[in-house]
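In what follows, a single structure is set out as structure tokens and then discussed.
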Amino acid sequence: MFEERDLLPISALQHFLFCPRQCALIHLEQQWAENRWTAEGRVLHGQADLPAGRTRKGVRVVTALPIRSLELGVAGVADVVEFHRETGGRWAPFPVEYKRGRKKQGDWDRVQLCAQAMALEEMTGQAVPAGALYYGQARQREAVDFDESLRNRTRAAARGLRDLLAAGVTPAPAPGVACAHCSMEDLCLPDVVHGPGRVAAYYRSVLDEDP
């Protein structure tokens, strides 16, 4: 179990699994840059980021709910948590995370949502077997089952994140297709600092020198 003062951002799990270097730039070096995709995501989160609660058709909807897990060592704010009334009068938590774009091949969004579910379980004492990811571009939900495989992936991601930040070293870039959609590309410079000769080539291009 971790102490409250040692908790890491739940959102950092998504950053870590998407790209450890991006995660370190944000959470170690405190750097950030916005592009079209992050701006659209911020707009999409607009309503969910306002704390509120309402009940309709037996579902209590709470937005911007602070959550934390001392077991995982993470804390954050859940976009939306639906509490569904069950037989006996109990309210079962069902987390919904808002994302721009469409369903991704990687599981970083599902891990972030699973961490929210595990935090809700710890805080409420109730099982949270499922949740959903809402993708703004597709305008539909992706159902997510929090099976043991995903929970183990989430635990491993939390350990990996903590090890990365504890080491205090920003990993070298690993250029890939995801770089083109990363808001941190101009800060990361994956095509400049990766590989032998890249730095020299970059400075030659900037200074317009002959090789």
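Keep in mind it's a predicted model, so treat the numbers as computed, not measured.
- When hydrophobic clusters are built by joining Ile, Leu, Val, Met, Phe, Trp and Tyr residues whose side-chain heavy atoms come closer than 4.5 Å, directly or via intermediates, Leu165 is not grouped with Phe2.
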_Evaluation steps, salt bridge (Lys or Arg N to Asp or Glu O under 4.0 Å), between Glu142 and Lys99_ = CA-CA 11 Å; Glu142 175 199 344; Lys99 299 291 184 183; over 6 Å; no

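- Contact between Arg68 and Glu4 at its shortest, heavy atoms only, is NE-OE2, 3.1 Å.
- Considering only residues two or more places apart in sequence or on other chains, Asn152 meets the side-chain hydrogen bond (donor to acceptor under 3.5 Å, both in side chains) condition with Arg155.
- Rounded to the nearest 0.5 angstrom, Thr124 OG1 and Arg90 CZ are separated by 8.0 Å.
- For the side-chain contact (heavy atoms from CB on, under 4.5 Å) with Leu65, the lone residue among Leu120, Val80, Val77 that qualifies is Leu120.
- Atoms CZ and CD1, from Arg21 and Ile26 in turn, are 12.0 Å apart once rounded to the nearest 0.5 Å.
- Note on Leu70 and Val128: separate hydrophobic clusters, where clusters join Ile, Leu, Val, Met, Phe, Trp and Tyr whose side-chain heavy atoms are under 4.5 Å apart, directly or indirectly.
- Side-chain contact between Leu161 and Cys23 is present, with at least one heavy-atom pair separated by less than 4.5 Å.
- Closest of all the heavy-atom pairs between Arg141 and Ala132 is CD-CB, 3.9 Å.
- Checked by atom type, the side-chain pair Tyr135/Asp109 shows a donor-acceptor distance below 3.5 Å.
- Pairing each heavy atom of Leu164 with each of Ala24, the nearest pair is CD2-N, 4.4 Å.
- Residues Leu113 and Gln116 meet the side-chain proximity criterion, which asks for heavy atoms closer than 4.5 Å.
- No side-chain heavy atom of Glu82 sits less than 4.5 Å from a side-chain heavy atom of Arg60.
- With rounding to the nearest 0.5 angstrom, the CD atom of Gln112 is 4.5 Å from the CD atom of Glu97.
- No side-chain heavy atom of Leu7 sits less than 4.5 Å from a side-chain heavy atom of Leu72.
- Residues Leu150 and Asp145 come closest through the heavy atom pair CD2-O, 3.7 Å.
- Between Tyr98 and Tyr134, the ring planes are tilted. Angles from 30° to 60° get that label.
- Put simply, the side chain of Arg151 gets close to the backbone of Phe146: a donor and an acceptor are under 3.5 Å apart.
- Arg162 places a side-chain N or O within donor-acceptor distance of the main-chain N or O of Gly73, the cut-off being under 3.5 Å.
- When every heavy atom of His27 is checked against every heavy atom of Ala12, the shortest pair comes out as NE2-CB, 3.4 Å.
- Using a 4.5 Å cut-off on side-chain heavy atoms (C-beta onward), Val111 and Gln14 make no contact.
- What you find for Trp91 and Phe83 is that their closest heavy atoms are CE3-O, 2.9 Å.
- Considering only heavy atoms from C-beta on, Leu17 comes within 4.5 Å of Arg153 through its side chain.
- Glu122 pairs by the side-chain hydrogen bond (donor to acceptor under 3.5 Å, both in side chains) definition with Ser69, not counting sequence neighbours.
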